[in-house]
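One structure is given below, encoded as structure tokens.
All figures in this text were calculated on a predicted structure; none of them were measured in a lab. Chain A is the first sequence line, chain B the second, and so forth, proteins listed ahead of strands; every chain is numbered from 1. Below, all heavy atoms of this structure are taken into account, side chains as well, without hydrogens, waters or symmetry copies.
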Amino acid sequence: MDGRGEVSGFMGRALSVRGVTYDNGADTRARVGRRVKLRGSPAARTMRSMKSFFPMVRREGVTLVFLIAFAGFAFIPVWRDLEIGGMAVFGWLIAALMLVSPAVTLVAFLRRRGDSR
Amino acid sequence: MLLERILVGVYLAACIGIGIWASRKVLTSRSEYWVAGRRIGTVVNSMAIMAALASGGSIIGVMGLAYAQGIPATLALFGGSVVGFSLASILVARPLRNFGKFTITDFLSFRYPHAVVRYLVPILIVIAFTIYIVAQLKAAGIAAEALLGIPYNTALAIATVVFIIYVSFGGMVAITWTDVIQGFLMVLVVVGTAAVLIWRVGSPFEIMSQATVVAPELGQVAHRPVSSYLGYFVIWATAIPVIPHIVMRVFTARDADSARMSLNLSMLVYSVMILAAVLAIVPVGRIDFPALQDADELFLRVMETQFSPLIRGIAVAAVLAAVMSTTDALLLACSSAIAHDILGGAMQGRASERTLSLVRIVTTWVIGIAALLWAFSPPELITQFYTAGVGVLSSSLFVPTVAGLWWQRANLAGGVGAVVSGAAVYMVVQLGIVDIGVAPVVVALAASAAAMVLGGLLGPRESSEMVDRIEALHGQG
């Protein structure tokens with residue numbers, strides 16, 4: 001019964017209860033020692049009442065939070081006035097975000113796919 | 001200009017040829033027509049997604065906007081698109097592909113079964129996308145006028161008729177394969193042009209340094225209110241996961257993994273292309289052409305002065321490709337909003353497949369011709385123009401779609417409230433009826449989210465069957 005934190009609720013809330021990991025599909029089969037069907041069981045009803053969101057893989061939740069935080073950081077007003085190489089730091093940060101965003105999303109996706117195989 | 005005209009003529013003939021070839025497959029099947037039988041592979045789909053998003057705005061418009069309003073503000077707009085791809089990949093691609101229908105309206109009206117959603121959503125799509133199509137047509141017209149010497153209106157009419165033909169008869173199959181060709185062509189031209197300019201000067205930083213000495217405002221953003229470029233960013237970040245012509249591409253993928261991989265690859269290519277355009281071509285153009293009347297002409301002027309007729313001919317074809325690859329996808333999405341979402345539901349079971357096929361073709365022609373007539377008197381700064389149109393869709397569809405897929409408390413009251421309040425607040429603020437000093441899309445998304453939360457918490461819970469069905473969508477596709 002190995003949850004290992006791989007399956008989590010939306011925004012990082014774990015779905016492990018008393019050592020049993022509940023998941024909603026086949027994606028996490030490789031990491032989950034024992035899968036328990038959610039639908040219909042008393043445990044499932046308990047789980048449903050505990051959470052409002054459908055579960056998200058932790059790595060993807062972290063990626064999402066990271067990208068939103070990066071974007072928020074780039075929009076801090078102080079970066080409008082500072083310049084590097086003739087361009088506002090804000091511009092360089094957004095340019096970096098345009099490369100970082102696809103890269104981290106692709107890595108998160110490939111690792112999730114690797115886990116599920 | 002004979003060589004350029006021949007190259008463009010060959011390109012247009014190839015598009016029509018693909019449309020005719022595809023028509024043999026698609027005219028007898030709804031699934032083939034709208035989503036290419038759901039068997040498009042990852043690489044093909046990723047290039048088609050990139051081409052569908054990378055419009056005339058992404059070649060002509062991005063450079064015009066950077067020239068007129070500076071590079072940082074422009075990057076905010078296109079950076080929003082790139083982050084939007086990440087949101088689409090993580091939040092919507094898997095469950096929507098597993099849902100397995102044809103349009104975003106199909107999902108929303110399944111999740112929130114109410115006439116307001118069934119009819120308001122396609123109407124908003126038609127309004128926003130008609131604006132979007134007009135902006136694309138302007139890009140095609142000015143490109144052909146500047147580099148081929150063909151009058152604006154004539155060029156517009158030729159390009160429009162060509163893509164109406166292959167969209168109306170070839171459906172998603174024709175769009176996919178023309179988009180693949182168009183995608184490769186525009187990446188080749190934009191990245192190739194940037195590479196040549198960088199090679200001539202030394203490095204992109206050298207280009208930027210030289211340009212910002214001549215025109216410091218190119219690299220500045222401090223003189224602009226944060227709300228303006230924050231608005232650009234948010235509109236596109238929230239539009240990509242729900243915008244119909246991208247969502248339809250998710251439905252064409254073989255499976256959920258392929259859909260996600262396609263989105264990931266397409267955003268990588270898109271990022272490289274936009275950064276090449278903005279950080280290399282725009283600074284060179286700003287030095288060479290300090291006082292352009294119409295900023296949208298920048299790319300074409302650079303091509304005219306820096307390259308030979310053969311390269312210029314390929315560049316015009318690339319601009320037309322950019323315009324057509326987006327416009328065809330927009331036209332199909334617009335057509336699906338009327339022929340599938342509105343008329344299809346009403347005619348279900350009462351009309352033959354032949355009649356439905358005729359409705360699809362006629363709808364495509366009507367929308368295309370209407371956009372053409374409007375494009376004869378186009379607005380200025382096309383990127384801003386269509387971004388405002390897309391804002392309506394972001395504001396009204398993002399919250400109900402994402403909440404509908406991820407929040408178990410999302411219900412009918414919340415969904416209908418989120419769609420209506422998002423659209424209404426955006427229009428009120430965008431049109432200046434109420435001015436509160438914040439980007440319209442930010443206010444509208446907040447209103448939409450508030451309506452969803454209030455509806456979800458105060459309204460009746462959804463049935464356990466609905467929750468189970470949504471939960472199943474998150475499984476392996």
Between atom CD1 of Ile94(A) and atom CZ of Phe233(B), what is the distance when rounded to the nearest 0.5 Å? 5.0 Å

Using a cut-off of under 4.5 Å for heavy-atom pairs, which of Gly85(A), Gly91(A), Pro77(A), Gly86(A) has the most such pairs with chain B? Gly86(A)

Could you check whether any side-chain heavy atom of Leu64(A) comes within less than 4.5 Å of a side-chain heavy atom of Leu91(B), counting everything from C-beta outward? yes

Residues of residues 81-88 of chain B within contact distance of chain A, non-hydrogen under 4.5 Å: Val82(B), Val83(B), Ser86(B), Leu87(B)

Less than 4.5 Å apart, side chain to side chain, heavy atoms only: is that true for Phe54(A) and Val467(B)? yes

Do the two ring centres, one from Trp92(A) and one from Phe205(B), sit under 6.0 Å apart? yes

Below 4.5 Å from any heavy atom of chain A, which atoms of Leu279(B) appear? Answer side chain, backbone, both or neither. side chain

Do the non-hydrogen side-chain atoms of Ile90(B) and Met56(A) ever get within less than 4.5 Å of each other? yes

So does Glu60(A) pair up with Arg260(B), basic N to acidic O under 4.0 Å? yes

Heavy-atom side-chain contact between Pro72(B) and Met87(A) under 4.5 Å: yes

Looking at Asn264(B), Leu263(B), Val278(B), Leu265(B), which makes the most heavy-atom pairs under 4.5 Å with chain A? Asn264(B)

Donor-acceptor contact below 3.5 Å, side chain Ser52(A) vs main chain Gln408(B): no

Check step by step if side-chain contact (heavy atoms from CB on, under 4.5 Å) holds for Gln220(B) and Glu83(A). CA-CA 8 Å; Gln220(B) 293 171 348; Glu83(A) 287 188 13; 3.3 Å; yes

Non-hydrogen atoms of Ala76(B) and Phe75(A) that approach each other most closely: CB-CZ, 4.3 Å

Give, for atom CZ of Phe90(A) and atom OH of Tyr229(B), the distance between the pair rounded to the nearest 0.5 Å. 5.0 Å

Side chain, backbone, both or neither of Tyr270(B) within contact of chain A (heavy atoms, under 4.5 Å): neither

So, the part of Leu110(A) with a heavy atom under 4.5 Å from chain B: the answer is side chain

Under 4.5 Å, heavy atom to heavy atom, which residues of residues 99-109 of chain A contact chain B? Leu99(A), Ser101(A), Pro102(A), Thr105(A), Leu106(A), Phe109(A)

